[in-house]
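Report on the following structure.
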Amino acid sequence: MTSRTLCALQFKTHQHFHTNWQNLMSLVSRTNEGAIILAPEVALTHFCYQRLEEANAFAKDVTSSLLRLSETRAIGVTMIEKHKDGFYNNLKFFHKGEMIHKQAKTKLFPLGGEHLYFKTGCESEIGFFYIDGIKCAALNCFELRFPHLWAAVRGAELIFIPAQWGIKRKSHFETLCQALAIANQCFVLAANGSNAQMACSSAIISPSGSAVRDDSADIVSCDVDWEEVISMRKYIDVGLLGA
């Protein structure tokens with residue numbers, strides 16, 4: 001089978017970490033087995049700059065549960081974690097009961113003060129990983145604005161974009177995600193937060209640039225056919241076949 005269900009979660013993040021976790025688990029339980037799921041950036045804690053130690057401890061607490069949740073689904077979640085030199089905004093993917101990929105955010109959003117609290121990740125971590133043979137890559141929120149990082153994900157069949165993107169720049173988020181799908185002739189799965197100042201605009205975007213969006217939904221879901229990637233890359237050959 002070449003079809004697969006993609007799900008972008010789109011929900012509000014609350015002050016209480018366990019409430020966020022319960023919301024995440026509830027939404028995941030509503031998806032099909034075998035679905036590929038992405039949560040908004042730091043959806044379990046938000047940025048919580050005054051509670052970073054607590055967020056790090058919470059990430060440790062829920063990891064074992066995420067591993068269990070991923071036994072029948074693939075799940076992407078960003079988590080605040082502490083290493084020797086400081087705190088990082090880590091994007092992690094879980095599948096078949098294992099963590100299959102991790103990358104720390106490399107471009108910290110200065111208007112939100114992220115650079116004051118988080119350490120910068122290494123761009124070499126942005127690369128390919130596989131979910132049941134599907135070639136995947138990811139950019140974390142603000143990273144979407146940097147053209148040289150688009151080159152790092154060129155050739156992926158599915159690109160994940162978790163975000164907490166502000167409503168004032170809603171059109172930027174939608175345009176950049178759509179352009180990434182068209183330029184790379186791939187699917188883009190974008191999950192944005194839905195708090196009052198967030199843009200929503202979570203989407204599943206096809207290699208031709210068509211988008212499925214619903215700002216009122218807490219799950220944006222669509223069944224996709226991976227043959228669309230090959231077909232588009234054959235139809236308009238820009239050098240991505242076999243990339």
Side-chain angles (χ1 to χ4, degrees), residues 3-47 62 65-66 69-70 72-79 91-95 131 134 136 138-142 144 157-182 186-226 228:
S3 65
R4 197 68 175 266
T5 303
L6 301 182
C7 300
L9 306 186
Q10 183 175 251
F11 62 97
K12 291 180 173 65
T13 301
H14 300 277
Q15 292 282 333
H16 197 274
F17 296 171
H18 285 280
T19 298
N20 301 325
W21 173 243
Q22 292 297 324
N23 287 344
L24 176 70
M25 288 196 296
S26 175
L27 293 174
V28 169
S29 72
R30 288 164 47 192
T31 65
N32 300 332
E33 287 194 6
I36 299 174
I37 305 163
L38 182 65
E41 184 185 19
V42 292
L44 297 178
T45 62
H46 217 266
F47 291 98
V62 300
S65 297
L66 279 167
L69 276 178
S70 74
T72 55
R73 297 163 175 85
I75 306 172
V77 182
T78 52
M79 310 165 77
L91 172 56
K92 293 185 170 184
F93 288 88
F94 301 87
H95 185 43
I131 296 174
I134 301 165
C136 301
L139 297 175
N140 191 348
C141 198
F142 190 46
L144 181 60
E157 297 168 305
L158 172 61
I159 300 176
F160 297 92
I161 312 288
Q164 291 290 346
W165 199 284
I167 194 169
K168 292 182 179 180
R169 295 168 292 278
K170 180 182 178 73
S171 64
H172 296 191
F173 185 62
E174 293 180 356
T175 300
L176 287 167
C177 286
Q178 197 162 3
L180 181 61
I182 293 169
C186 71
F187 287 100
V188 166
L189 177 56
N192 195 36
S194 63
N195 288 55
Q197 299 305 312
M198 295 297 106
C200 294
S201 295
S202 299
I204 297 150
I205 306 171
S206 76
S208 64
S210 62
V212 175
R213 294 190 186 94
D214 184 351
D215 283 0
S216 67
D218 49 18
I219 302 175
V220 179
S221 178
C222 182
D223 291 337
V224 305
D225 186 346
W226 298 108
E228 284 190 47

**Message:** Once rounded to the nearest 0.5 Å, what's the spacing between atom CE of Met198 and atom CD of Glu41?
**Reply:** 9.5 Å
**Message:** Donor-acceptor check, side chain of Thr78 to backbone of Leu91, threshold 3.5 angstrom: yes or no?
**Reply:** no
**Asked** With Ser26, which residues qualify under side chain to side chain donor-acceptor pair (under 3.5 Å), at least two apart?
**Response** none
**Fill in**
What one should report as the nearest heavy-atom pair of Ile134 and Leu158 is CG2-CB, 4.2 Å
**Complete:** Residues at least two apart in sequence or cross-chain that pass side-chain contact (heavy atoms from CB on, under 4.5 Å) with Asp223, listed by chain then number, are Thr5
**Request:** Identify the heavy atoms of Leu9 and Ser202 that sit nearest to each other, and give their distance.
**Result:** O-OG, 4.1 Å
**Prompt:** Taking atom SG of Cys222 and atom CG of Asp214, what is their separation to the nearest 0.5 Å?
**Reply:** 12.5 Å
**Request:** May I have the step-by-step check of side-chain contact (heavy atoms from CB on, under 4.5 Å) for Val77 and Leu44, ending in yes or no?
**Result:** CA-CA 9 Å; Val77 182; Leu44 297 178; 4.2 Å; yes
**Fill in**
Residues pairing under side chain to side chain donor-acceptor pair (under 3.5 Å) where one sits in residues 161-170, two or more places apart or in two chains, turn out to be Lys170-Ser201, Lys170-Asp215
**Asked** For Ala181, what residues pass the side-chain contact (heavy atoms from CB on, under 4.5 Å) criterion, not counting sequence neighbours?
**Response** Val188, Ile205
**Message:** Once ring pair (Phe, Tyr, Trp, His ring centres under 6.0 Å) is applied, do any residues pair with Phe93, and if so which ones, sequence neighbours excluded?
**Reply:** Phe129, Phe160
**Item:** With sequence neighbours excluded, residues passing side chain to side chain donor-acceptor pair (under 3.5 Å) with His95
**Value:** Asp132
**Prompt:** With sequence neighbours excluded, what pairs up with His172 under the ring pair (Phe, Tyr, Trp, His ring centres under 6.0 Å) test?
**Reply:** none
**Complete:** Checking Ile204, Ile159, Ile161 against Leu189 for side-chain contact (heavy atoms from CB on, under 4.5 Å), the one that qualifies is Ile204
**Message:** Could you measure the distance from the CZ atom of Phe187 to the CD atom of Glu157? Nearest 0.5 Å is fine.
**Reply:** 9.5 Å
**Request:** With rounding to the nearest 0.5 Å, note down the distance linking CZ in Phe11 to CD1 in Ile219.
**Result:** 10.0 Å
**Request:** Would you give the length of the straight line joining atom OG of Ser210 to atom CD of Glu228, rounded to the nearest 0.5 angstrom?
**Result:** 7.0 Å
**Request:** Not counting sequence neighbours, which residues clear salt bridge (Lys or Arg N to Asp or Glu O under 4.0 Å) with Asp218? List them please.
**Result:** Arg30
**Asked** What residues form a side chain to side chain donor-acceptor pair (under 3.5 Å) with Arg73, not counting sequence neighbours?
**Response** Thr31
**Residues which pass side chain to side chain donor-acceptor pair (under 3.5 Å) with Ser171, listed by chain and number, not counting sequence neighbours** = none
**Request:** Ignoring hydrogens and angles, tell me if any N or O in the side chain of Arg4 forms a donor-acceptor pair with the backbone of Ile36 under 3.5 Å.
**Result:** no
**Request:** Calculate, to the nearest 0.5 Å, the distance between atoms CD1 and NZ belonging to Ile75 and Lys92 respectively.
**Result:** 13.5 Å
**Fill in**
By side-chain contact (heavy atoms from CB on, under 4.5 Å), Ser194 pairs with (sequence neighbours left out) Gln10, Lys12, Cys200
**Prompt:** Would you say Leu69 and Met25 make side-chain contact, with heavy atoms under 4.5 Å?
**Reply:** yes
**Request:** Heavy atoms only: give me the nearest Ala35-Cys7 pair and the separation to one decimal.
**Result:** CB-SG, 4.1 Å
**Item:** Listed partners of His18 passing side-chain contact (heavy atoms from CB on, under 4.5 Å), at least two apart
**Value:** His16, Phe58
**Message:** Is it the case that the side chain of Asn195 and the backbone of Thr13 share a donor-acceptor pair, with hydrogens and angles ignored and the cut-off at 3.5 Å?
**Reply:** yes
**Fill in**
Closest heavy-atom pair, Gly193 versus Pro40, reported as atoms and distance to 0.1 Å, is N-CB, 3.6 Å
